[in-house]
Amino acid sequence: MNKKTKLIVFASSIILSTIILCFFLTGYYSGDTKLIYFHGYANYSINDTHLRDGRFILTIIFIILGMINPAIKTTYIIALIISIFILSLCVVEIYYIISKYKEIKEKKQKIMVFLISYTYIFNFIIVDMLQYVENFMLSASILCFIIAIKKIIIEKHKKVGFALTLLGVLCYQGTIPMYIATAILVTILENKKINIEYFKKILPCAISIFVSALVSVVLVNLVPVVTGMELTDRISKIEYLENIEKNILRMGEAILYSFDLFPPYLWISITILILALSAIVGIRKKKIQFSINVLFVFMMYIFSWLVMFPIQISINAPRVSYVIGQAVSAMLIYIYCTNFGELKSKFYINSIVIITIIYFVITIFSILKSTYDLKLANKLDQNFSQKIDSEIASLEEQGITINKITIRYTESEENIKKYSELVRENSNYILGTYNLKMLEFYTGRHIEGRVPDFTEEMEHEYFNEKESEDEVQFCNVGDVLYILVNL
């Protein structure tokens, strides 16, 4: 793989990623981002998350950010741009790994390998990972892991590989399943068969990730000893067996609906189609080992996903299920690298090419739609905040001071369904969890005071005579602003 090819792959990835992440590149606010706004960079990192979770590199970065104190929107956009560059380097690395096991000469081959490499990194789960300000560290963890696996398995530089593995874990522990699965994939590409030699080759990776994870656990448990702070609830109150049970019970939902980040049933349908076609061609061409290996690759990605089950409810945190988003591309990588053209089945070859293209297109549009929906959730909250702010400003011009705000919702299932599941799950306005903190975050208006009850009787008294088709209605009684939301 020459420098020109690397540059083309890198540039293509950056351009494509800039397009599909255009909605996020204008700024996005996750729930954690709002916490940073209220707590401050350093306080959030030290007392809320990073330090007590053993993410010391992030803690240092956030302390520095606290000294500079840039606008939260600016920080997020810069972090996302950095992530795009880092993840594009990951695409180059995957492209390189494929090129080590399959000669890439023709233009069509180069395009196909790029599509597979790109969807391996920028799969539908990436949306969840990129919505946080810390996204650049999650991306750095992925890059460290891929290079570490390359160093250990392909280039035989085990010490460098171990150092990068440890660095990847210290960046973010939630990507460990991705390391395990990718190591399994690259080892089978290297060894061709699953035998004693296979396990010998993957052993250095297994030791590296085990020791690195153990170091992380030790460091996390040293935090209370050194600082006197308690571990976060995510660590100190983990119910391992309960988490495993909940994850197993919701596995089907996660797989069928793809965390609401990919069209329902489509991911599993594409997976079954690849496995079925590979099984048929393997049997017909008497290459049953090929079919077994394709199934093995898929099952190892599922197995790697299970590693996080005792620790995190995956459906609530899709980012720890990043490996699931990689599974289809992983099978395509294996199929392509094992000279599937030698199977001499035009139908199978053409089918895999078509599946690759379709999967790529669907992934691109899924990322676009998901980022649009999440941005829309932000916009709904922001618009609602601005309406409240404008109403209060109008009342202030009339000499009326508002010290308390209370909100009541009346919902229409038909109206709610016009929004996607992703919008409904991420908009405080739609969820009915909007509070005064949201008003302050979006408008800067700070209102103190106990929020009074807003009963059905009050609704009839204050709003019956003001029938309106408006989604949001206001009525002030003294220093209280009553808000009726008709969703």
Side-chain angles (χ1 to χ4, degrees), residues 90 93-94 96-102 116 120 141-169 173-217 244 271 274-275 278-279 282 286-311 320-324 326-340 342:
C90 294
E93 290 295 332
I94 294 299
Y96 169 80
I97 289 172
I98 295 173
S99 71
K100 293 295 292 182
Y101 301 104
K102 173 73 175 180
I116 297 172
Y120 189 79
S141 176
I142 294 169
L143 180 60
C144 286
F145 283 163
I146 292 172
I147 298 176
I149 291 165
K150 180 184 75 173
K151 291 292 180 184
I152 294 172
I153 297 175
I154 298 175
E155 298 177 2
K156 315 303 180 185
H157 296 154
K158 296 176 184 178
K159 291 181 181 178
V160 176
F162 171 73
L164 287 168
T165 302
L166 179 59
L167 180 59
V169 171
Q173 303 96 323
T175 46
I176 287 176
M178 173 262 174
Y179 180 96
I180 297 170
T182 305
I184 290 170
L185 173 64
V186 175
T187 306
I188 199 170
L189 293 176
E190 178 77 12
N191 197 64
K192 311 301 181 187
K193 295 179 180 179
I194 304 164
N195 51 24
I196 296 297
E197 191 63 28
Y198 173 90
F199 291 104
K200 286 181 180 179
K201 287 182 178 179
I202 202 172
L203 185 61
C205 280
I207 293 172
S208 294
I209 195 63
F210 178 78
V211 173
S212 298
L214 190 61
V215 169
S216 177
V217 170
I244 291 172
T271 298
I274 293 172
L275 291 172
S278 299
K286 297 181 180 180
K287 299 280 186 179
I288 194 67
Q289 188 62 49
F290 169 81
S291 305
I292 292 172
N293 286 354
V294 174
L295 177 61
F296 173 77
V297 169
F298 173 72
M299 292 307 299
M300 288 303 99
Y301 274 72
I302 296 294
F303 170 78
S304 300
W305 178 37
L306 302 182
V307 169
M308 296 302 293
F309 274 23
I311 302 166
V320 300
S321 304
Y322 181 60
V323 70
I324 288 296
Q326 295 179 310
V328 169
S329 297
M331 288 189 289
L332 294 174
I333 288 171
Y334 175 78
I335 290 168
Y336 187 79
C337 288
T338 50
N339 294 317
F340 73 118
E342 294 179 3

Answer whether the closest heavy-atom distance between the side chains of [X] and [Y] falls below 4.5 Å.
X      : Y      : value
Ile180 : Ile184 : yes
Ser208 : Phe162 : yes
Thr175 : Phe145 : yes
Met178 : Ile146 : yes
Tyr101 : Val186 : yes
Ile324 : Ile302 : yes
Ile94  : Ile333 : yes

>> If you apply the rule side chain to side chain contact (heavy atoms under 4.5 Å, CB included), what do you find for Val215 with Leu166, and how did you get there?
In response: CA-CA 8 Å; Val215 169; Leu166 179 59; 4.0 Å; yes
From [atom1] ([X]) to [atom2] ([Y]), nearest 0.5 Å:
X      : Y      : atom1 : atom2 : value
Lys201 : Ile152 : NZ    : CD1   : 14.5 Å
Lys158 : Leu203 : NZ    : CG    : 8.0 Å
Leu164 : Leu167 : CG    : CG    : 6.5 Å
Ile147 : Glu93  : CD1   : CD    : 4.5 Å
Asn293 : Tyr334 : CG    : OH    : 3.5 Å
Asn191 : Lys200 : CG    : NZ    : 10.5 Å

> Quick check: are there more than 12 heavy atoms from other residues, nucleotides or ligands sitting under 6.0 Å from NZ of Lys159?
Replying inline: no
>> Within the supplied structure, the quantity of interest is the number of heavy atoms (other residues, nucleotides, ligands) at a distance under 6.0 Å from Phe296 CZ; does it exceed 12?
In response: yes
> Any chance the side chains of Glu190 and Tyr198 put a donor and an acceptor closer than 3.5 Å?
Replying inline: no
> Are Tyr179 and Thr165 linked by a side-chain donor-acceptor pair shorter than 3.5 Å?
Replying inline: yes
>> Looking at every non-hydrogen atom in both residues, tell me the closest pair between Thr182 and Gln326 and how far apart they are.
In response: OG1-OE1, 4.5 Å
> Which pair of non-hydrogen atoms, one from Pro177 and one from Val323, has the smallest distance, and what is that distance?
Replying inline: O-CG2, 3.9 Å
>> Using the rule given for side chain to side chain contact (heavy atoms under 4.5 Å, CB included), can you reason through Leu189 versus Lys100, listing the C-alpha separation, both sets of side-chain angles and the distance that settles it, and then say yes or no?
In response: CA-CA 9 Å; Leu189 293 176; Lys100 293 295 292 182; over 6 Å; no
> Can Leu185 and Tyr301 be said to form a side chain to side chain contact (heavy atoms under 4.5 Å, CB included), step by step?
Replying inline: CA-CA 9 Å; Leu185 173 64; Tyr301 274 72; 3.4 Å; yes
>> With a 3.5 Å distance limit and no angle check, can you tell me whether Ser212 reaches the backbone of Ile209 through a side-chain donor-acceptor pair?
In response: no
>> For Ser278, is there any backbone N or O sitting under 3.5 Å from a side-chain donor or acceptor partner on Ser291?
In response: yes
>> I'd like to know whether Phe298 forms a side chain to side chain contact (heavy atoms under 4.5 Å, CB included) with Ile274, so could you lay out the CA-CA distance, the side-chain angles of the two residues, the decisive distance to 0.1 Å, and finally the verdict.
In response: CA-CA 10 Å; Phe298 173 72; Ile274 293 172; over 6 Å; no
